[in-house]
Amino acid sequence: MKENIVIIGGGIAGLEAACQLLDLGYKPIIIEKSDHLGGHVADWNCLFPDMTPAGDIVSALISKAADANIFLNTEISFVNKLQDSYNIMLSNGISIITRIMLVTTGFSVFDASKKEEYGYGVYDQVITNKDLEHWFNTGDDRRVNDSAMNAIGFVHCVGSRDEKARNSQCSKVCCITAVKQAIEMKQKFPEAMVYCFYMDLRMFGKKYEDFYISAQRDYGIRFIRGRVSEVSENIDGRVIVKAEDTLSGKPVKVTLDLLVLMAGMVCSQDSTKVANMIKLPLDSDGFLKSADNVADIIDSPKEGIFYAGACTGPKTVPETLAEARAAALKIHLYIMKK
Amino acid sequence: MIYQGKQKIWADYQKEIPDNHWFYVRSCIRQNFFPGAEKMFLEICRGLLKKDIFETEHHTTCGGIAYHCDTIPQETVMTIVARQFALMTEAGYENYVASCITSFGNYIEILETWKEFPELETRIREMLWKACKREFNKPKYVAHASDLIYKYRNEIAARAKFRLVNRFTGEPLKVVEHIGCHYAKMFPARGVGGAEYPYVLCGMIESWGGNVIDYPERRHCCGYGFRQYHVKANRGYSLSNTYKKFESMEPYHPDFILTNCPGCPYFMDRWQYVIAETEGKTYGENGYGIPVLTYEELASLVLGYNPWDIGLQLHQVAVEPLLDKIGIEYDPKEKYKGLNEKDLMRPELPGVLRCC
Amino acid sequence: MDFGFKLSPSSAINLDKVDTEKFAELHRAEPDVYKCMACGSCTSTCPANRFSGMSVRKVILGLQRGKEKEVIAMMKNCMLCGKCSMVCPRGINTRHLILSICRIYGEDMK
Amino acid sequence: MRERFLTGYNDFVLPFVCGMLFVLGYCLVGLVRIIMQLPAEDRKKFFISLITPKTLLKNIKDIFLKCLIHVDIWKRNKLLGYMHSSIAFGWFMLIVVGHIEVFLYTSDLGAKALYYPIFFRYFVAETESTMKGALIFFLMDFFLLVVLSGIALAIIKRVRSRLFGMRRTTNPSFLDLIGQYSLWSIFPLRLLAESFTADISGGSFLTKSLNYVFTEFLSNHANMLPAWWAYSCALGIFFVVLPFTRYMHIPTEILLIPFRNAGIKIVNARKGFAKAQVYSCPSCGLCIDACPMGVLKGNIKDTTVYLNRQIRRNNEARIEEISDKCLLCGKCTAICPVGVEGDKLRIAQRSVRKYNFGSDYSNISASEEILRCNKFVNNNNTSVSNPDKERVLYFAGCMTALTPVIRKATESILSKAGTDYEIMDRDGGICCGRPMLMAGRFDQARQLIEKNTEIIMGSGADTLLLSCPICYKIFREHYALPGIRVIHHTEYFDELIRTGRLDVRKGGTRYVFHDPCELGRGCGVYDEPRNVISSAGELVEAAKNRKESICCGGSLGSLTLSFDKRKAMTENALANLTADSPDEIVTACPLCMTTFSRYADRPVTDIAQVLDKCSGPGRN
């Protein structure tokens, strides 16, 4: 079939949708800005709640989607609206005419250095969830000092539920990610005290609560209900974290060897860029606006343009994959209808 | 500590500071605490930097302390401030410079409030007119006096007689910088370097040869906290705040503390005496305290002014060990002599804190 | 010298200084102590609560925050009736926990 | 009959004599020690009971029926009963008849009296056959056969315990095995030895016949001596190891029965009466099957028989573990053939635990609490406002606060019956003290008892009505409430129906009644709830009921059993209850109700709800 289907973004949503479309007999085009496929998931080590290796998920998707037309290191330069289709100009000089686009531009990790009081980029022992996954994968991060790891802290809701950080939304997956990473750190450093500073624990998904109970019971991870207010560095270079222990109603402070900031999900600049080019509206949470947030999350308000994954809001991996499949089916039906 | 990380943040918070023609307003309380400071500021600006600085005897308190102590309503403090602006307008200036951090914060807060609620500004204009038949233009720039010294820190460094270096060891002096809370905590963009890592004093210290200490409680209030100090029943909290800061900076063995606020140097200076007398604890070397200087006093010192001329004898914590370290010469006999050579009399010596 | 005011004790909890030995011992005796999610069911059902402010939730929390003295004062009126273990959604054996605390922690606590 | 040897002695008696003297000495010392360990008051009670004809007769009867005939075991399983009584009674009769024989045919016994009754046949030769002699020979052979049949059953039981109604049995210790094998070998060896000498000493159908067989193959009398040596050695070994094996129960039980009949209770966890109980445990293992925790294999070693074993070994860690885990349902006590009180023994172990601090209720003001339930007293004084009428104070209990349906139903019934009542713990009361008592913290329990006593006595009530059997037991046993009738709601409802104060319409629902541990085994209330249910619908019985009822698993008795470990017990108890497919499970304990509701596949209700549903005001 010669219908051009352009998938913008080669993360797991784009790859999964491409796989499904290939199975349906189409030959989708994936446009990926970076030099590799898999998006954020490719940077991750293990996925909650079953500790599935992220690499397995990504490599399976990549090998299944290999028959698609994939442009790496490619961005969209501009989009022209034609009569009933779009002319997409790519940065590599290729232009594509299509009437179907699937936006899978995903999210960006909140820039934790914007929360100046947490000292990301200033203190030696403050890292983000993404940095920690990178360390899990490569073991390469000078901020993580294996030899002296007596206390580790996790700060939930960094750049989420925070109007000062211009994101009042919940990023949905950080709670469970913190629980997962806390368990992994406790496994690596059984003698270390591991604290999670949380405001609410949102264990909404399948087996998340079990994971949380296990973190408490089997790993002795201490959950402190209170948002970290400020971080400082003491004379020996360790970080001092201050928060209110809201359950005691008392200020609490603790000295840590590593502080992990659970940076949240915000709408990626690529999403907004694409939205500007195709004139797609943004929702009040800053993510792309679907035709309907309950009944029709995959349809954009524009004909022939569809969404899948975290470009419309924070999503888990299974949610993203399910949306990608649904989007592929939706595209197929859209083509058949014409 | 990743210094480049801080630099990145500093770069985000730079503010425009006009280089001449300032309307200067003094602080209510500084002249009693450390009278040399404001005098030296004017002397450095006018005499050394040859800048046009105007001040008028008609200006009053900004109302900040009363406002923060909840004794006057916001409209009142706004009208007082409007009058100050009117004085500036009448004098033909549009760059407003405050000596006091509380005032600086107060001005910024009021200007920002008027920006959000223009009807409030209109009302204040009416009230000012009713009260004293004055009109005003809003200042084009509002700066704190330390912003100016920061701006000209390198010029001062160029003319400095002394560097902030320990002449016995050759090491840079370890300096704690303490910024007044109302400088940037309310409006981070209005302070040099922002609220988290204000650069205004760091810049002076670095430029004059010292090393800045970053200690855990650096963000903490000096302890004055109007409502804490002014109500005697709460005064213990004021003291406890200061105590917490000193406990936190103690392991770094700072040579002195640099401040840019009227209350901070005073409380950090005097509370060291109270802590010593009640807890028996001193923080400097050999039973001395840690000297607390204002940026004007420090600028004057590096420029080579006589310590006694700039009023350092009014400090509770003895500054002599610091002067010795920097290598500034002084005559101990002159310490308690007034400008007119009259003897100022000796203060009673404290029991615990070593003062001379 | 009396100035008419003095340092106020800090109310902050310094986790670095909290002794974890005893709590570790308690955990060995009753591993479920880690499972508390601070829902407060135990507090609201406790018949001793109106007398001494007893709350198993606060007991578990207090011991992790170095507040042994407050905890022991609270536990003074515990009647061991077991209502808390009946209502605990995490199935913590609160009675054994309480008895274990009585064995491990002592009156001489700070 | 004449003696064959002038000395009347042979070296082979030595193993037996030594063993015998050792065991007698051991028992004597033990006896004195246990009696000395009793509190002075109990000791006095014990000695008085020994010279009181009534208790003396009861002692003899109990010892005969329990120690020799094992009537309790007969009631449980005939085969098991026969096995026990054949060995015990058979051996006893062998000893009795043996002694009669010796005293009849010998004079001038002296030191020989020690071993003659045991090895008589070796030392005598038959001179004439008399009727009397033949009878004795016959009796001896007969009882030997009885014992041997018992031994044979015992051996079978080791491999096939199910034949004897036992699913599981104890795991014997090493010394137990030595004791057991030596015991088992005593009687075959005796048969062998007596058979070798039967042609000289005489014998009856067993020994004489065997002797003929032997002479066929081994005519030489030289084989005689090794057999007698072996017999003596078996006896000697058995007696020497006896104090360190379960067979210590044989002498100890003879002491335990008079203790119990004297009304002595456990005071010290390890000494006196408790010690007598521990040593009386025959390790039969009946408590293993009885224990509700037994559904989980891991708990088998936490049953009373193992507690006794660990107490004998002074294994403190295990004693603590076993005694803390128990649900205190009391079933092991109810079925124990020798009367070891597993629950009380455990509470005693808990009571010696060391705590750094405990509760103190002195800050609780009883007078303030009285103000919450002072309906029956006049303002500002303690005089009762309505002295002639029934004044019921209803103490719902802590657990009932979590099952408000019970309180609501009870209140509804009380209103229908026109009872003048007041609720003692409407907004939460003071715990009855039973949970504290079960945790072994007697001093705290006593303080709670004192507080509640003050409140109840100040309330002006004449009846204390309880919904919770846990409370009921302690109110009956440990509270002194003069002039106040303490009654459980099952009993009170039964009374309301009997006296016509409540009119009940019988429905067609099939109800099974679960006997709560504390109500049934704890307080002996079995019939009243059944009467109430029978008047409301059809009563069906559980597979195991009344004193064999299975604990719901929710008991407050256990200190260490965690929530997840109790599920299997509850499900097992439910399976027992639903054996006859009832429509509804009825209980009379808020804790049982909550526990069963969690896993039951059909409605679980309190008896108050059942009655409330189908009753109206009575005609009286």
Side-chain angles (χ1 to χ4, degrees), chain A residues 150-153 175 179 182-183 186 190-203 208-226 228-230 232 234-236 238-257 259, chain C residues 8-44 53-74 88-94 96-97 100 110:
Chain A
N150 300 313
I152 303 163
C175 281
V179 167
I183 288 177
K186 190 79 182 174
E191 297 304 313
M193 289 293 285
V194 179
Y195 302 96
C196 281
F197 294 89
Y198 69 97
M199 297 198 288
D200 290 297
L201 282 172
R202 302 193 162 179
M203 297 293 147
Y208 290 9
E209 186 72 12
D210 292 351
F211 214 43
Y212 167 42
I213 295 175
S214 163
Q216 287 182 294
R217 182 194 52 209
D218 307 332
Y219 294 96
I221 290 158
R222 308 298 169 89
F223 288 85
I224 298 175
R225 188 177 178 280
V228 168
S229 64
E230 59 184 48
S232 12
N234 75 3
I235 193 158
D236 55 15
R238 302 173 79 205
V239 284
I240 299 176
V241 167
K242 282 190 187 179
E244 185 194 349
D245 176 17
T246 59
L247 296 175
S248 313
K250 294 267 171 11
V252 64
K253 70 171 182 180
V254 63
T255 311
L256 303 172
D257 297 298
L259 185 67
Chain C
S8 347
S10 171
S11 66
I13 298 160
N14 187 346
L15 288 178
D16 302 338
K17 293 199 174 132
V18 173
D19 176 24
T20 52
E21 282 296 307
K22 285 226 152 90
F23 196 77
E25 194 184 337
L26 180 64
H27 175 246
R28 282 193 292 277
E30 183 48 65
D32 280 357
V33 65
Y34 276 165
K35 276 168 73 182
C36 175
M37 55 174 174
C39 71
S41 308
C42 46
T43 316
S44 55
M54 172 63 180
S55 154
V56 179
R57 172 186 83 73
K58 285 190 190 168
V59 164
I60 293 174
L61 184 70
L63 293 179
Q64 294 181 74
R65 301 287 185 265
K67 305 272 177 208
E68 285 88 352
K69 208 175 161 189
E70 288 90 328
V71 165
I72 288 172
M74 223 185 266
C88 179
R90 281 280 176 92
I92 299 173
N93 186 347
T94 51
H96 186 239
L97 179 70
S100 303
K110 53 184 174 293

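So that the names make sense, note that chain A is the first sequence line, chain B the second, and so on, each numbered from 1.
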Practice prompt. Provide the closest heavy-atom pair for A:Ile224 versus C:Arg65 in the form atom of the first, atom of the second, distance.
Written response: CG1-NH2, 3.5 Å
Worksheet, complete the sentence: Smallest heavy-atom separation, A:Arg217 atom then C:Tyr34 atom, equals O-CD1, 3.8 Å
Item to complete: Take C:Ile13 and A:Lys253 through the side-chain contact (heavy atoms from CB on, under 4.5 Å) test and state the conclusion after the steps.
Response: CA-CA 6 Å; C:Ile13 298 160; A:Lys253 70 171 182 180; over 6 Å; no
Worksheet item: Tell me, do A:Gln216 and C:Arg90 make a side-chain contact under 4.5 Å, heavy atoms counted?
Response: yes
Discussion item. A side-chain contact here means heavy atoms from C-beta on lying under 4.5 Å apart; do C:Asn14 and A:Val254 qualify?
Written reply: no
Response to the item:
To the nearest 0.5 Å, atom NZ of C:Lys67 lies from atom OG of A:Ser248 at 7.5 Å
Discussion item. For the backbone of A:Thr255 and the side chain of C:Asp16, can you confirm whether one donor and one acceptor N or O come within less than 3.5 Å of each other?
Written reply: yes
Identify each donor-acceptor pair in which a side-chain atom of residues 192-203 of chain A lies under 3.5 Å from a protein atom, sequence neighbours left out, and give them as a table.
| from | atom 1 | to | atom 2 | distance (Å) |
| --- | --- | --- | --- | --- |
| A:Asp200 | OD2 | A:Arg161 | NH1 | 3.2 |
| A:Asp200 | OD2 | A:Arg161 | NH2 | 3.0 |

Item to complete: Begin with the C-alpha distance, continue with both residues' side-chain angles, and end with the deciding distance and a verdict on side-chain contact (heavy atoms from CB on, under 4.5 Å) for C:Met37 and A:Tyr212.
Response: CA-CA 10 Å; C:Met37 55 174 174; A:Tyr212 167 42; 3.7 Å; yes
Item to complete: Look at A:Arg225, A:Glu244, A:Lys242, A:Arg222 and state which one has the largest set of heavy-atom pairs under 4.5 Å with chain C.
Response: A:Arg222
